[in-house]
Colleague: 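Right, I'll just put the structure down here and ask away after.
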2 protein chains.
Amino acid sequence: MLTFFFNAAPNPLKVGLFLEEAGLKYRAVPIDTKKGDQHSPGFRAINPNGKVPAIDDGGVIVFDSNAILLYLAEKTGKFLNGDSLSERAELLSWLMFIASGVGPYSGQAVHFRNFAPERLAYPIKRYDYEARRHWRIVDDRLAKRRFMLGDTYTIVDMAIWGWAPRIPFMLGDENAMTQFPNLDRLMAELDARPAAQAALALKDRYAFKTEFDEEAMRHMYPQIFAPEPD
Amino acid sequence: MLTFFFNAAPNPLKVGLFLEEAGLKYRAVPIDTKKGDQHSPGFRAINPNGKVPAIDDGGVIVFDSNAILLYLAEKTGKFLNGDSLSERAELLSWLMFIASGVGPYSGQAVHFRNFAPERLAYPIKRYDYEARRHWRIVDDRLAKRRFMLGDTYTIVDMAIWGWAPRIPFMLGDENAMTQFPNLDRLMAELDARPAAQAALALKDRYAFKTEFDEEAMRHMYPQIFAPEPD
């Protein structure tokens with residue numbers, strides 16, 4: 001049996017999509033990050049980084065959303081592009097572009113525009129620019145391809161599907177998706193899939209804390225309350 | 001023939017270490033990011049993200065340092081940990097922990113402490129805290145293991161080797177490594193390897209621009225000069 005440690009954030013959603021698309025049986029365990037579940041010794045033994053998602057696949061622990069996507073794709077043989085060296089190179093390059101670029105820069109854009117203790121002009125500008133630049137690269141690629149790697153739906157598309165709905169929030173513009181029409185088309189195609197709807201519905205079965213109060217801030221952004229560094 | 005597009009930054013260094021350790025023949029092509037080489041149409045055709053490292057392996061293009069490490073390890077069968085599901089899970093989890101956590105947060109810590117147009121207290125604190133937290137997880141893991149995945153030297157260690165020397169610079173403390181004694185021990189072990197010395201010496205064969213003047217800032221941090229977002 002596979003256990004899926006999750007919450008409603010973009011990174012767990014990607015894994016939820018894979019589990020539903022692949023038809024894998026799983027037990028979902030909510031980790032309420034606004035209540036600090038991610039810092040419990042039990043969860044730290046699973047992911048020392050204290051973040052969701054993580055999975056326990058019959059005793060095999062995997063953490064980090066993109067690691068889980070690649071692990072499950074390799075294990076099941078599903079949602080990969082092909083076995084040639086060039087196909088493997090393309091999959092790894094774009095998956096890592098999302099892991100090291102799209103995700104982190106999108107996350108920083110969300111943080112400084114919406115959650116930092118002050119609205120600071122330069123960090124907002126830096127991450128607005130970098131998030132936009134990364135999504136522009138994705139959109140340009142999708143102008144010539146149905147999916148990120150061509151005609152085949154892969155884990156790279158799943159990784160994008162988790163984050164793209166946050167674009168309006170990270171850029172502070174409810175109409176932001178009009179600037180990324182090719183990405184918007186892919187999102188509509190994926191959203192229409194039953195697996196996507198099932199992945200989105202998963203969080204509604206659990207009562208996650210919703211208030212972004214001081215308790216939530218202390219658990220999610222402990223650096224805000226840390227002493228000043230030297 | 002393999003072409004290695006590189007500069008002296010942490011991410012290309014990791015790939016240089018692999019190439020030297022594996023004894024692969026390669027042609028090094030310097031990309032002077034302070035002069036804007038990364039923005040040329042020719043290089044953008046290789047990596048649309050405009051970053052080094054990238055490789056052209058006999059026509060197979062791979063970009064992102066961790067994608068290249070995994071691609072080369074899989075292709076050569078070298079510097080991996082093993083074939084079991086649990087070994088694969090461990091490799092992917094820790095490689096992605098570096099790709100999505102150690103690297104991006106270390107990079108932001110370097111930027112806000114050293115290169116941002118103003119010294120802003122909150123971003124410096126946020127990234128100091130997060131960089132330290134990530135390196136603490138690495139150091140704790142190395143307290144009980146010779147290498148990141150146990151007794152075997154893998155691409156995960158190479159990925160760490162690229163970034164760890166920047167810890168004093170990113171934390172603004174020349175003695176910062178005393179806080180990470182296990183990591184310091186691994187770095188000393190890796191630095192003593194001929195391949196590490198060869199990887200470090202590569203940059204000295206080329207005349208990279210060293211001045212961090214306005215030209216360099218415009219090429220490396222274009223968001224500083226961008227208009228304010230809405």
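Letters go in sequence order (proteins before strands), and every chain restarts at 1.
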Colleague: I'd like to know which of Ala67(A), Pro48(A), Gly58(A) tops the heavy-atom pair count under 4.5 Å against chain B.
Modeller: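 When all of Ala67(A), Pro48(A), Gly58(A) are compared, Ala67(A) has the most.
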Colleague: Taking atom CG as the centre, does Asp151(A) end up with more than 12 heavy-atom neighbours from other residues, nucleotides or ligands that are less than 6.0 angstrom away?
Modeller: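 Open.
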Colleague: Heavy-atom cut-off 4.5 Å, strictly under: side chain, backbone, both or neither for Pro123(A) against chain B?
Modeller: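 When you check distances to chain B, atoms from both the backbone and side chain of Pro123(A) fall under 4.5 Å.
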Colleague: Under 4.5 Å from any heavy atom of chain B, what part of Ala54(A) do you find: side chain, backbone, both or neither?
Modeller: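 Neither part.
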Colleague: When you compare the side chain of Tyr71(A) with that of Leu85(B), does any pair of heavy atoms fall below 4.5 Å?
Modeller: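 Yes; the side chains approach each other to less than 4.5 Å.
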Colleague: With side chain to side chain donor-acceptor pair (under 3.5 Å) as the test, pick out the partner of Tyr122(A) among Glu118(B), Gln223(B), Glu228(B).
Modeller: Gln223(B)
Colleague: Who wins among Leu70(A), Leu91(A), Asp57(A) for the most heavy-atom pairs under 4.5 Å with chain B?
Modeller: Leu70(A)
Colleague: Which bit of Ile61(A) is near chain B, if near means a heavy-atom gap under 4.5 Å: side chain, backbone, both or neither?
Modeller: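 The backbone, not the side chain.
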Colleague: Chain B heavy atoms under 4.5 Å from Pro227(A): which part of the residue, side chain, backbone, both or neither?
Modeller: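 For Pro227(A), the contact with chain B is made by the backbone alone.
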Colleague: Determine the option with the most heavy-atom pairs under 4.5 angstrom with chain B, choosing from Glu90(A), Arg133(A), His134(A).
Modeller: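 Sorted descending by pairs with chain B, the first entry is Arg133(A).
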Colleague: Would one find more than 12 heavy atoms of other residues, nucleotides or ligands at under 6.0 Å from atom CG of Asn175(B)?
Modeller: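 Atom CG in Asn175(B) is crowded, with more than 12 foreign heavy atoms closer than 6.0 Å.
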Colleague: Identify which part of Leu120(A) has an atom lying under 4.5 Å from any heavy atom of chain B, answering side chain, backbone, both or neither.
Modeller: side chain
Colleague: Does a side-chain heavy-atom distance below 4.5 Å link Lys75(A) with Arg88(B)?
Modeller: no
Colleague: Is the shortest heavy-atom distance from the side chain of Tyr221(A) to the side chain of Glu130(B) under 4.5 Å?
Modeller: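 A side-chain contact is absent here, since even the closest heavy-atom pair is not under 4.5 Å.
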Colleague: Where the side chain of Lys125(A) meets the backbone of Ile224(B), is there a donor-acceptor pair that is under 3.5 Å apart?
Modeller: yes
Colleague: Set out, in order, the CA-CA distance, both residues' side-chain angles and the distance that settles side chain to side chain contact (heavy atoms under 4.5 Å, CB included) for Phe63(B) and Trp94(A), then state yes or no.
Modeller: CA-CA 8 Å; Phe63(B) 55 85; Trp94(A) 287 102; 3.6 Å; yes
Colleague: Does some side-chain heavy atom of Ser93(A) sit less than 4.5 Å from a side-chain heavy atom of Asp64(B)?
Modeller: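 Side-chain contact under 4.5 Å: no.
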Colleague: Apply side chain to side chain contact (heavy atoms under 4.5 Å, CB included) to residues Phe97(B) and Asn49(A) and explain how you reach the verdict.
Modeller: CA-CA 8 Å; Phe97(B) 170 74; Asn49(A) 194 25; 3.5 Å; yes
Colleague: Are more than 12 heavy atoms from other residues, nucleotides or ligands located less than 6.0 Å from atom CZ of Arg27(A)?
Modeller: no
Colleague: Taking ring-ring contact (aromatic ring centres under 6.0 Å, His included) as the definition, give me every residue that meets it alongside Phe212(B), ordered by chain and number, with sequence neighbours left out.
Modeller: Phe115(B)
Colleague: Evaluate whether atom CG of Asp83(B) has more than 12 neighbouring non-hydrogen atoms of other residues, nucleotides or ligands under 6.0 angstrom away.
Modeller: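 For Asp83(B), atom CG is not crowded (no more than 12 foreign heavy atoms under 6.0 Å).
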Colleague: Which atom names give the shortest non-hydrogen contact between Met96(A) and Ala99(B), and what distance separates them?
Modeller: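 Answer, listing the atom of Met96(A) first, then Ala99(B): SD-CB, 3.8 Å.
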Colleague: For Ile137(A), is it the side chain, the backbone, both or neither that has a heavy atom under 4.5 Å from a heavy atom of chain B?
Modeller: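 Only the side chain of Ile137(A) comes within 4.5 Å of chain B.
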Colleague: With only heavy atoms counted, which part of Val62(A) is less than 4.5 Å from chain B, the side chain, the backbone, both or neither?
Modeller: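 When you check distances to chain B, atoms from both the backbone and side chain of Val62(A) fall under 4.5 Å.
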Colleague: List the atom of Pro104(B), the atom of Ser100(A), and the distance in Å for their closest heavy-atom pair.
Modeller: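 Minimum heavy-atom contact is CG-O, 3.9 Å.
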Colleague: Heavy-atom distance under 4.5 Å to chain B: side chain of Arg136(A), backbone, both or neither?
Modeller: neither
Colleague: Search all heavy atoms of Tyr105(A) against all heavy atoms of Gln108(B) and return the closest pair with its distance.
Modeller: OH-NE2, 3.5 Å
Colleague: Go through it in stages, so that I can follow the logic: the residues are Glu74(A) and Leu92(B), the test is side chain to side chain contact (heavy atoms under 4.5 Å, CB included), and I'd like the CA-CA distance, side-chain angles, deciding distance and then a yes or no.
Modeller: CA-CA 11 Å; Glu74(A) 290 177 356; Leu92(B) 295 178; 4.1 Å; yes
